[in-house]
A.B. asks: 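Just dropping this structure here.
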Amino acid sequence: MSAKKKVQKSWLRRGRIVLAICSFVMLTMLFVALSGTKMFAFMAKAQFIPALLAGNFLVVALVAIVTLIFGRIYCSVVCPLGLFQDLFNWLTKRLGGKKQARRFEYSEPKSILRYSVLGVFALLLVFGVAGIAALIEPYSAFGRMMTDLMQPAATGVNNLLASMFGDSFGREPFVAINAVALSVSIVTFVVVALLACRSGRTWCNTICPVGTLLGCAAKVAPFKVRIDESKCVSCGLCGKMCKSSCIDTKNKKIDYSRCVDCFDCIENCSVGAIKFTTASAIVKAEAKTDDKPAEGGVEDGSRRRFITTALATSVAIPAAWAAKKTDEVAAAVSEKKPSERKVAVSPFGSLSHKHLNDHCTSCHLCVSKCPNNVLRPALGEYGIAGIMQPVMDYSRGYCDYECTTCMDVCPAGALKPLSLDEKQATQIGIAVFNKELCVVSESSHACGNCASHCPAGAIRMVPDYTAPLANPRGNQRYKLFPQIEEALCIGCGACEYHCPAKPFSAIHVEGLEVHKA
Amino acid sequence: MTKISDKVESLLNKKVSRRSALKAMALGGVAMAGGSLLSSCGGEKKTEATTVTPEGLKEGKVTMRTNPKNGDDISLLGFGCMRFPTLSNGRINEELTQQMIDYAYEHGINYYDTAWMYHGGDSQRVIGNCLRKYPRESYFLANKMPPTAQNLADAKRIFQEQLDLCGVEYFDYYLLHNLQRQSQWDDFYMAQGVYDYLLEEKKAGRIRRLGFSFHGSPELMEYLLNQPVDWEFIQIQMNYLDWEDPNMQARELYEMIAAKDIPIVVMEPIRGGALASMGERLVEMMTEERPELSPAGMALSFCATYPAIMCVLSGMTAMEHVVENVNTFIDFEPLSQKANDTLLEVARLHKANPSIGCTQCEYCMPCPYGIDIPHIFQIYDRTSQELNLPDPNGPHDREFMRKRRLFLNRYKNTIAERATAEFCINCGQCEPACPQRIRIPRQLDNIERLVNELKHI
């Protein structure tokens, strides 16, 4: 140990940061990547609440065991909302310098608030109002921000690039996000980001139900961040730099229900008095010495300005572009209006509206990943309990017969992972034909676009003997209209999407509250 | 090319500005340009073919081959009489045809191939007229028994009429026209005795050599070759596009006939002009091999290089064709094995990259259902011309994935959301408006299918 050095390297902290960056990048990519990749879907499946809802007990048990032994590592490595806060905390430190880095101080735990929120959350889940509970569920809150805010920005950048280098980038449609989902995401973003900038992990330690739950488990963990009182010089630095505000420096005590195992204190302690270890092992241990200066110790104004500007532009430009392109697309398709359904169509694998409402945490991963842009967050289609949960919208796309992406990625079991065969044998809705709207009724053109695009072969064009075609030579012919064989229709919406009738499709899908398999 | 157009100008004694000639040439190769350029000159008085030989054009006569069956010396380039230049009323431009035949004859072409069905029968009359001034034994005239003949009496009537139309006493080469099905041979030529009748005519000296022209399968060829008949020549469709084609199987046909030492006359060596207007990249590949030859010259040389070929017929429509083709065949230089392989590669690439041929005139627009027809076709043709069209049935290697991404990106970036091919309902309103006679709904359907297949890879 060298007295010259203020900061000593903690391999635990470095490792935590590396893992955190990895999972943050993977989760961000999972939501934002446009190419439909679901490579990182395992990161979504590793999330606690979705795993709990999905009955994925392996993940639940793993998280529980790790927390019971090592504390809330989950919150610092796996939870994307936690990492999101760490990002803003880090930015504040970088931009605000030493003063900002030392802005924290110990506070008493807000136990009553925490446990009440946890209780309400649990009740909401138990009574099948996952949609409301989802508002504070950390993974879903992150997912919504990514899908509703970041993905449109990414799409904007992509489309900008596509307009410049058309052969290398393909234009992508914007995900259809409604005002409610957008507002919720913006509010979440602002609240969580501001809280992180002001006071670190306050969200995690007052609101987050997962944080509260894991906090209880962490209390009994044998491995903990511990202060070696024999070494401690009571400088109080660890407390000032603890984003969880959980180090009571006066009493040399740590509130383990709030400690997220970030290990910052270990590195910040100039005398090496803090260790991550078991109680019995808090004996002298050799601190490793290293002469390298701490990374990024020096700051200067130009770098700060650069970061600020880059950050601002990277959000502003794509957002502006996105808005513009959305208008253009809207203009191009304005003649077509979404069909008005009596019963909403819920996605394949959701089994029933009720199952979806009970399990979905509205993380919008399915919305983000749907390659055909069919899914969008619901408004009132499922009632208030299902707000923001995914609903099928066939005005901008149809459900690909050969695709199971949404079910593959759903981490919460709200969309059960059906095989392709099972999906193709499932009925989520039934096509309904409205002859008055059909282009064949009005014009002399033959159509049949619904029948030719039906992947299930459920639509047949049959002559209407009351509608003869003018045909001077040869046999008398009649107009052909679609006839739907309900038993075969799966409700994929290919007919509705391809119908040329405007503004409303002459054929549309009516949903089934309970899917038929 | 310039040299040829100079030559043609001097031949026709018509002041065509070099620029307009060049411009016309540039428009899709010799085949197309020649037609429009020359038909406008059709009314001009002919002058004698001059001896002016612009630089670059070879002097002399075309290369000859000998029919091993009978020792006939036949020009390797033959004159096909199916595509004579026509006037605006659809009739043959006889004056221009005469000039073209004269030029051909003077440069040693001595094989002229007509048929009952060409130009509604008029081809026979015109070629007869054109050749009348030359000694009868100095050229070979080929004619054919049409597949439309009903019975023996009909065949006899037709044969007599053919002699009369051509104004000749005999045909040097006579073919059973367009054998495609075994029944044609079995029922018409054998059961009805038409073949025996033709043998009689041969004995009588009104037919010198008897053969057939063929558009059937190798199995049928096998059958015909095994008939107790001495075929003195056989005419098949052959060109580098059909050589390895699984349907046309030109290579197999060629090898079967060559194995029997029967001389072959080639038809459609340029595939009705299609091989004269290949994509830019493909032309570059060919030019690398033989810079002095045009794509049409390459196509003709491909056929003429094979030893069993007695004569390559070219249905020449314009003076340019005659001058250029004759130039290719004076001191004919066979293609190297490498050049031959290049052409087969060109064929493969051409087939993998077909073109719709949309010229973006937008006559089809506006589509009542909002399909962006011209741009959809433009993307397809552009990608195809660059040899970048992905083939979903081929290997899905990196090159394929690159092409796939390129094509899908272009498609997504150019075509608006509800203007893609999948929204075509096949109403057909566009089709009559298309000057290129593109079967628009069908092509849109093909593109939709391609896009769909690519999306699902």
Side-chain angles (χ1 to χ4, degrees), chain A residues 34-36 158-174 325-326 328-336 371-373 395-398 400-403 420 438-440 442-453 455 461 480 494 497-502 505-506, chain B residues 366-373 375 378-380 382-390 392 401-432 440-442 444-449 451-457:
Chain A
L34 299 169
S35 48
N158 175 76
N159 291 358
L160 184 71
L161 290 170
S163 67
M164 295 190 291
F165 317 103
D167 294 352
S168 309
F169 293 85
R171 200 179 62 200
E172 297 283 341
F174 287 95
K325 284 308 267 191
T326 315
E328 276 173 32
V329 173
V333 295
S334 64
E335 291 174 81
K336 195 84 179 174
N372 277 12
N373 212 16
S395 62
R396 302 273 305 272
Y398 62 99
D400 190 333
Y401 199 56
E402 309 286 334
C403 174
L420 199 55
C438 181
V439 294
V440 177
E442 290 302 314
S443 72
S444 58
H445 294 161
C447 182
N449 226 27
C450 49
S452 61
H453 285 92
M461 299 303 289
L480 298 176
Y497 176 68
H498 288 105
C499 178
K502 285 173 185 172
S505 289
Chain B
C367 163
Y369 298 98
I371 319 298
D372 190 353
I373 304 165
H375 286 111
Q378 187 181 38
I379 290 165
Y380 186 89
R382 182 178 158 212
T383 314
S384 186
Q385 289 269 311
E386 297 168 355
L387 308 182
N388 274 329
L389 213 56
M401 293 313 274
R402 182 189 67 77
K403 290 177 175 178
R404 169 184 176 270
R405 202 169 48 240
L406 180 91
F407 181 71
L408 287 181
N409 282 348
R410 279 185 180 161
Y411 192 72
K412 273 197 282 189
N413 292 343
T414 316
I415 313 302
E417 208 170 306
R418 287 190 83 88
T420 48
E422 62 190 317
F423 291 100
C424 169
I425 69 162
N426 197 7
C427 75
Q429 183 185 297
C430 47
E431 214 161 80
I440 297 174
R442 172 182 286 209
L444 286 173
D445 197 43
N446 289 341
I447 293 178
E448 180 194 344
R449 222 170 310 145
V451 169
N452 242 328
E453 276 183 66
L454 292 177
K455 273 187 187 165
H456 283 97
I457 284 167

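Proteins come first, then strands; the chains are lettered A, B, ... in the order of their sequence lines, and each starts at number 1.
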A.B. asks: Among side-chain atoms of B:E422 and A:H453, is any donor-acceptor pair under 3.5 angstrom?
C.D. replies: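 Absent: no donor and acceptor within the cut-off.
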A.B. asks: Which answer fits B:I379, side chain, backbone, both or neither, if we ask what part of it has an atom under 4.5 Å from a heavy atom of chain A?
C.D. replies: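 For B:I379, no heavy atom lies under 4.5 Å from chain A.
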A.B. asks: For B:R402, I'd like to know if atom CZ has over 12 heavy atoms of other residues, nucleotides or ligands within 6.0 Å.
C.D. replies: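 Above 12, so yes.
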A.B. asks: What part of A:S443 is in contact with chain B, defined as an atom under 4.5 angstrom from a non-hydrogen atom: side chain, backbone, both or neither?
C.D. replies: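 Interface part for A:S443: side chain.
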A.B. asks: If I measure from the heavy atoms of chain B, does A:A446 come under 4.5 Å with its side chain, its backbone, both, or neither?
C.D. replies: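 The backbone, not the side chain.
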A.B. asks: Test side-chain contact (heavy atoms from CB on, under 4.5 Å) on A:V439 and B:Y369 and set out the steps.
C.D. replies: CA-CA 10 Å; A:V439 294; B:Y369 298 98; 4.1 Å; yes
A.B. asks: Heavy-atom distance under 4.5 Å to chain B: side chain of A:C499, backbone, both or neither?
C.D. replies: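 Backbone only.
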A.B. asks: Side chain, backbone, both or neither: which part of B:L406 has a non-hydrogen atom closer than 4.5 Å to chain A?
C.D. replies: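 Both backbone and side chain of B:L406 come within 4.5 Å of chain A.
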A.B. asks: Evaluate side-chain contact (heavy atoms from CB on, under 4.5 Å) for B:R418 paired with A:Y497, printing each intermediate quantity in order.
C.D. replies: CA-CA 9 Å; B:R418 287 190 83 88; A:Y497 176 68; 3.8 Å; yes
A.B. asks: Relative to chain B, which of A:S452, A:G170, A:P173, A:S168 shows the most heavy atom pairs under 4.5 Å?
C.D. replies: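 Option with the top pair count is A:G170.
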A.B. asks: Could you give the distance from CG (B:N452) to CG (A:D400), rounded to the nearest 0.5 Å?
C.D. replies: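 Answer for the CG-CG pair, B:N452 versus A:D400, is 7.5 Å.
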A.B. asks: Could you check if a side-chain atom of A:H445 sits within less than 4.5 angstrom of a side-chain atom of B:P368, using non-hydrogen atoms only?
C.D. replies: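 A side-chain contact under 4.5 Å exists here.
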A.B. asks: Search all heavy atoms of A:A162 against all heavy atoms of B:N413 and return the closest pair with its distance.
C.D. replies: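 Closest heavy-atom pair between A:A162 and B:N413: CB-OD1, 3.6 Å.
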